[in-house]
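In this text, all values refer to a predicted model and were calculated from it rather than measured experimentally. Hydrogens, waters and symmetry mates play no part in the numbers below; they use all other heavy atoms, side chains included. Residues: numbered from 1 along the sequence shown. Read the numbers this way: they start at 1 and go in the same order the structure lists the ligands and their atoms.
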Amino acid sequence: MALSPENHRQLEALYQKLKEESQTFVGYPCNLDFDYSELAPFFNCAINNVGDPFISSNYHVNTHEFEREVIEFFAELTHAGKDFWGYVTNGGTEGNMYGLYLARELYPQGIVFYSQDTHYSVTKMLRILNMRNIMIRSQDNGEIDYEDLKETLKIKRDFPPIIMANIGTTMKGAVDRVETIREILNELAISNAYIHCDAALGGMLLPFIDGAPRFDFAVGADSLSISGHKFVGSPTPCGIALAKKRNVDRIARSIEYVGTLDTTIMGSRNGLTPLFLWYAIHRVGKDGFRKKVEQCLEVADYAIEQLKKCGQHAWRNEYSTTVVFPCPPADMVRKWQLAPYKGIAHLVIMPHVKKERIDRFINDLIKEGKKS
Ligand SMILES: Cc1ncc(COP(=O)(O)O)c(C=O)c1O
């Protein structure tokens with residue numbers, strides 16, 4: 001049965017609304033600049049990536065081959081060498097859950113340390129996984145307070161620490177230095193430790209910025225999570241989880257029903273998102289991503305300049321495209337879809353945010369200021 005004219009009108013109205021709302025989208029870290037229409041034929045396949053993408057299963061209508069290529073791209077980007085395993089997740093939250101789950105299986109007595117600026121997905125997962133945890137103070141720029149971390153680790157040194165490092169905090173884009181955390185662990189002679197990097201956004205920024213702090217496997221990460229719908233861009237949320245294969249092998253379980261290893265958090269898994277990521281990796285490539293990051297940093301500096309001209313205290317962390325400023329009035333928050341938090345808001349400069357969009361935002365801010 002075909003859709004009724006009313007149904008068509010509903011879909012058209014929804015499409016127009018989404019397009020319109022996209023014009024004032026600057027407050028969340030999602031790149032709207034992509035075109036995957038070439039992949040439309042795959043909408044008519046019942047793709048399911050159930051199971052481990054690196055092992056064949058009874059369910060063949062999958063995109064595991066493409067998923068493996070995506071994982072290999074991120075493994076190379078994060079200097080994982082040959083000892084890596086990973087999969088395409090539903091987003092940053094699942095990647096964080098995977099890292100915490102793996103860490104808990106390796107260190108059942110472990111205590112999780114995370115900063116005040118950590119994304120709420122981590123505290124949620126700590127509750128779900130029932131893991132002991134301690135919150136560490138943050139510095140004003142949103143980075144973890146290393147002194148507080150060191151002092152707390154000292155007190156709890158008889159339990160293996162599991163440290164969640166933020167590679168770009170949600171509100172301020174601050175980067176916890178993995179190399180400094182490893183130094184602290186070495187100084188305290190703590191050898192049984194685990195570091196998970198929540199690199200939701202920063203995971204696609206830092207590798208393309210010269211001199212940026214490293215958060216990869218070669219400098220001490222044990223697992224990491226990067227979102228796919230953030231900097232890469234995708235019509236549906238997605239991400240990747242990456243970990244050391246030798247650790248994953250210790251917790252893998254074989255499941256007869258699907259004829260593969262049950263290494264992923266979810267059972268049935270999205271088979272389209274690996275295709276989106278694969279497509280972007282091939283169309284944009286590393287050089288393209290580097291250019292996009294450079295362009296975003298330039299627009300971020302432009303936004304800071306323009307905000308300062310309006311008398312706003314605007315700033316950003318060095319390796320971030322997140323521009324922090326005092327939270328504007330409620331109408332601005334609503335129209336520009338800003339994320340208010342403790343008196344601040346931010347513009348997250350993604351590839352779709354050009355100077356023209358900043359100008360429109362600033363014009364609205366000036367108009368709003370005249371009202372009060
Ligand atoms: C630092 C950080 N970690 C994790 C997440 C959660 O990612 P997702 O919404 O993809 O689950 C976010 C989302 O904004 C984030 O900023």
Set of residues that line ligand 1, where lining means a heavy atom lies under 4.0 Å from it: Gly91, Gly92, Thr93, Asn96, His119, Ser121, Gly168, Thr170, Asp198, Ala200, Ser227, His229, Lys230
If you measure only the distance, is there a donor-acceptor pair under 3.5 Å linking the side chains of [X] and [Y]?
X      : Y      : result
Asn49  : Asn62  : no
Ser4   : Asn7   : yes
Gln306 : Asp359 : no

Test of ring centre spacing under 6.0 Å for Phe159 and Tyr107: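 Not under 6.0 Å, so no.
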Taking 4.0 angstrom as the limit, do Glu294 and Arg290 come out as a salt bridge?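 No, Glu294 and Arg290 are not salt-bridged.
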Can you see whether Tyr302 has Lys355 sitting over its ring - NZ or CZ less than 6.0 Å from the centre and within 45° of the normal? yes
